[in-house]
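Atom set for the values below is all heavy atoms of this structure, side chains included, hydrogens, waters and symmetry mates excluded. The chains referred to below are lettered A, B, ... by the order of the sequence lines, with proteins before strands, and numbering in each begins at 1.
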Number of protein chains: 2
Amino acid sequence: MDVVQILERSVLFTRIQPGNVEDLLSCLKARTSTFPKDYTIIDEGEYTDEMGIILSGSANIVRHDFWGNRTVVANLGVADSFAETIACTQLPSEVVVITCEPTIVLFLNIHQVITTCRKGCVHHQSLIENMVKLLSQKNLELMKKMNHITKRSTREKLLSYLSEEAKKRKSRTFSIPFDRQQLADYLCVERSAMSSELSKMRSEGLLEYQKSTFTLYEEE
Amino acid sequence: MDVVQILERSVLFTRIQPGNVEDLLSCLKARTSTFPKDYTIIDEGEYTDEMGIILSGSANIVRHDFWGNRTVVANLGVADSFAETIACTQLPSEVVVITCEPTIVLFLNIHQVITTCRKGCVHHQSLIENMVKLLSQKNLELMKKMNHITKRSTREKLLSYLSEEAKKRKSRTFSIPFDRQQLADYLCVERSAMSSELSKMRSEGLLEYQKSTFTLYEEE
DNA sequence: CCTTTTCTGTTGTAAAAACAACATAATAAA
DNA sequence: TTTATTATGTTGTTTTTACAACAGAAAAGG
C-alpha cells in the first residue's frame, strides 16, 4: 500500500508535493494502526489529540442517544478523515467511530498540524490552509445531511439522499455504503417503513435496486 | 459601541491582546455595515470571500428547499460569526442570512485570515489557530442541532432543545431567540402540532412558558 | 385610541410513521 | 450441504404528525 499515493487524494494533503509528504509525516508524529471489522476506534466520552485518515477499509460514525436510538452520522471511505473536531476542541467524543471492515488508519497529531513547526517545514503553511478547508467541507457535508433529514416524509428523504449520491457519482446507477438498517439510521426513519416505501417507489417506476445498488429514473 | 470589546468575546479573537486588534483589523481588510430588520445579508447562490461577525443585533440562517419548506439552521447573536464556510470553500451559499432586528456586522477578508501576512503581524498565527477552533465549534453545533432533530417525536425534540438551552444558560428559566414559527422551523416540526404539544407538556407539569421564556421542571 | 396585522393556541380530519410480527432471501458458519 | 444467522420485505394496527380552519391574544401602525 502506497501511503503517499492515498494521501494525495485526501483534502489535508492537497497541493502538497508527494516528495515532501514523507518529511511532513514524521513532523506530524504520524503512526498507522490496523483494526479488524466492527472495531470501535473511538468510543463515546474519549479524548484524543490525533486526527485519523483512512488508508484502507471503511468506517461509520455512529451516535447513540439516551433512549438507545441509533443514528449513523456519516460513512468514511479511503482518504476520508475523522476526529479533527474533538482533537481541535479537546472535548470528549459524543460519537463512536466503528469499522465496517478491516481498516487501516493513519493518525496525525493535531497540534503539529495546526502550528507551524520550528524546523520550518516547507509545506506546513499549505497544511494549515488545507485543514481550514477540510473543516469547512465537513461543515458543508453536515449541512448536506441536514437537508436530507429535515425532509418531511420518508420518500422525500430517500429521494434527497439518493439523488445526491447519483450526482456525486455522476451516474444514475450507483452503490451506497449502507445496508438497509444503516441507511434508515442515517436518514432517521424506520427500517421497515423505509423498505416498504422503497418498494412502493420501485412499483411506481421511480427507481430500481438490488441490495445496495440503486438506479434512479427521471420523472416524465 | 466598542468593537474591540465585542471581538474579545468572539472565538476568532480569543487570546489576542486587545491592543493588537486594531492593527489586525486593517490587515484583515475589516469593514462594518449596518442592516435594517428583516434584511437579507447573504442570499442563496451568492459567493463571498468575507466572513461576518455580529457586532450588535441578531440574525437567522435559513434554508428554503425545492418545495418551499423553510428550515431555520441557526440563530446568530452578538460576537457570533457566519459565512466562514462559503468564504473558505469558495462555493455558493445554500442558505440565507437574514437579520431579526437592526444589526451591525463586521466583515473580514477570509484570505487575509488564513494566510500569514508578509508584514508579520504578531498575532496572525493565533488567528489561524482560532479559525480552526471556530470551524470545529461550528461543526459541534451542527452536530448538536442534529441531535435535536433526529429525535423521533415532537416532544422529544422540544425536550432535547429546551434542556440543551437550559444547560447552556445554566438556569431552568431562560429565553429562546425564536418565536413559535421559527422554533418549529428549527426543530423541523409543524407549528400548530408543536403548540399543542407544548400545552400538553405544560398541563403535565413538565414545563411552564410565557412567550419565549421557558421554565423546565425536574421529573420525579 | 382604534384598526390591522401578526402570533399563538385549539380542534378535527386525513395522512404518514412507528411498531410488531412474521415471511422470505441472502449470507455465514458448521 | 445443511443449519444458523442476519438482512430485507410485507402487512395490519396503533400512534403521531401534517394540514386546514379558525379563535383569541398580542403587537404594530396609524
Side-chain angles (χ1 to χ4, degrees), chain A residues 36-38 60 65 67-72 75 98 100-102 148-162 175-204 206-214, chain B residues 36-38 60 65 67-72 98-102 148-162 175-204 206-214:
Chain A
K37 188 186 175 197
D38 292 327
N60 277 340
D65 82 2
W67 293 273
N69 296 318
R70 207 179 86 117
T71 312
V72 175
N75 176 268
I98 187 167
C100 302
E101 56 189 309
H148 303 322
I149 62 178
T150 56
K151 292 287 182 298
R152 266 54 174 175
S153 66
T154 300
R155 173 174 295 215
E156 276 179 303
K157 287 178 192 177
L158 280 166
L159 284 176
S160 177
Y161 170 71
L162 292 174
S175 291
I176 64 172
F178 299 128
D179 62 29
R180 291 292 181 277
Q181 185 61 63
Q182 290 171 334
L183 180 58
D185 289 341
Y186 181 81
L187 296 178
C188 304
V189 297
E190 228 263 331
R191 181 198 58 79
S192 68
M194 188 187 76
S195 263
S196 72
E197 192 63 40
L198 276 173
S199 23
K200 218 181 289 173
M201 287 161 82
R202 170 157 60 187
S203 76
E204 292 175 25
L206 279 173
L207 47 74
E208 198 52 68
Y209 57 88
Q210 275 190 349
K211 286 197 261 183
S212 294
T213 302
F214 290 79
Chain B
K37 188 185 174 196
D38 292 327
N60 277 340
D65 81 2
W67 294 273
N69 296 317
R70 208 179 84 117
T71 313
V72 174
I98 187 167
T99 57
C100 301
E101 57 189 308
H148 302 322
I149 62 178
T150 56
K151 293 286 183 296
R152 266 56 174 175
S153 67
T154 300
R155 173 174 295 216
E156 276 179 301
K157 287 178 192 176
L158 280 166
L159 285 175
S160 177
Y161 170 70
L162 292 173
S175 291
I176 64 171
F178 299 129
D179 62 29
R180 291 290 182 276
Q181 185 62 63
Q182 290 171 334
L183 180 58
D185 288 342
Y186 181 80
L187 296 178
C188 304
V189 297
E190 228 263 330
R191 182 197 59 78
S192 68
M194 187 187 76
S195 264
S196 72
E197 191 64 39
L198 276 174
S199 22
K200 218 182 290 175
M201 288 161 82
R202 169 157 61 187
S203 76
E204 291 175 26
L206 278 173
L207 47 72
E208 199 52 69
Y209 56 89
Q210 277 191 347
K211 289 195 261 183
S212 292
T213 302
F214 289 79

For a quick test of reading the model, state the closest non-hydrogen atom pair linking [X] to [Y] and the distance between them.
{"X": "A:S203", "Y": "A:K200", "value": "OG-O, 2.8 Å"}
{"X": "A:K157", "Y": "A:L187", "value": "CD-O, 3.4 Å"}
{"X": "B:A184", "Y": "B:E190", "value": "CB-C, 4.2 Å"}

Rounded to the Å, how far apart are [X] [atom1] and [N] [atom2]?
{"X": "B:E197", "N": "C:dT8", "atom1": "CD", "atom2": "P", "value": "17 Å"}
{"X": "B:K157", "N": "D:dA18", "atom1": "NZ", "atom2": "C1'", "value": "12 Å"}
{"X": "B:K151", "N": "C:dA17", "atom1": "NZ", "atom2": "C1'", "value": "18 Å"}
{"X": "B:R202", "N": "C:dG9", "atom1": "CZ", "atom2": "P", "value": "7 Å"}
{"X": "A:F214", "N": "D:dT8", "atom1": "CZ", "atom2": "P", "value": "9 Å"}
{"X": "B:M194", "N": "C:dT8", "atom1": "CE", "atom2": "P", "value": "8 Å"}
{"X": "B:E156", "N": "C:dA17", "atom1": "CD", "atom2": "P", "value": "17 Å"}
{"X": "A:L207", "N": "D:dG9", "atom1": "CG", "atom2": "P", "value": "11 Å"}

Original post:
How far does the helix from C:dC1-D:dG30 to C:dA30-D:dT1 bend, going by the axes of its first and last five pairs, to the nearest 10°?
Top reply: 50°

**OP:** Run the numbers on A:F214 and A:Y161 for side chain to side chain contact (heavy atoms under 4.5 Å, CB included), then give the verdict.
**Re:** CA-CA 12 Å; A:F214 290 79; A:Y161 170 71; over 6 Å; no

Could you measure the distance from the [atom1] atom of [X] to the [atom2] atom of [Y]? Nearest 0.5 Å is fine.
{"X": "B:L198", "Y": "B:L183", "atom1": "CG", "atom2": "CG", "result": "7.0 Å"}
{"X": "A:T71", "Y": "A:I149", "atom1": "OG1", "atom2": "CD1", "result": "8.0 Å"}
{"X": "B:D185", "Y": "B:Q181", "atom1": "CG", "atom2": "CD", "result": "4.5 Å"}

**OP:** Using a cut-off of strictly less than 4.0 Å between a heavy atom of the residue and any atom of DNA chain D, enumerate the qualifying residues of residues 175-193 of chain B by number.
**Re:** B:E190, B:S192

Can you give me the N/O atom pairs linking the protein to nucleotides 13-16 of chain C at distances under 3.5 Å, or say none if there are none?
none

Side chain of [X], backbone of [Y]: donor and acceptor closer than 3.5 Å?
{"X": "B:T213", "Y": "B:S175", "result": "no"}
{"X": "B:R180", "Y": "B:K211", "result": "yes"}
{"X": "B:R152", "Y": "B:T150", "result": "yes"}
{"X": "B:T99", "Y": "B:P36", "result": "yes"}

Original post:
Closer than 4.0 Å, any side-chain N/O of B:K211 to the OP1 or OP2 of D:dA25?
Top reply: no

**OP:** Would you classify A:S199 as touching base, sugar-phosphate or nothing, given that sugar-phosphate means primed atoms plus P, OP1 and OP2, and contacts are heavy atoms under 4.0 Å?
**Re:** sugar-phosphate

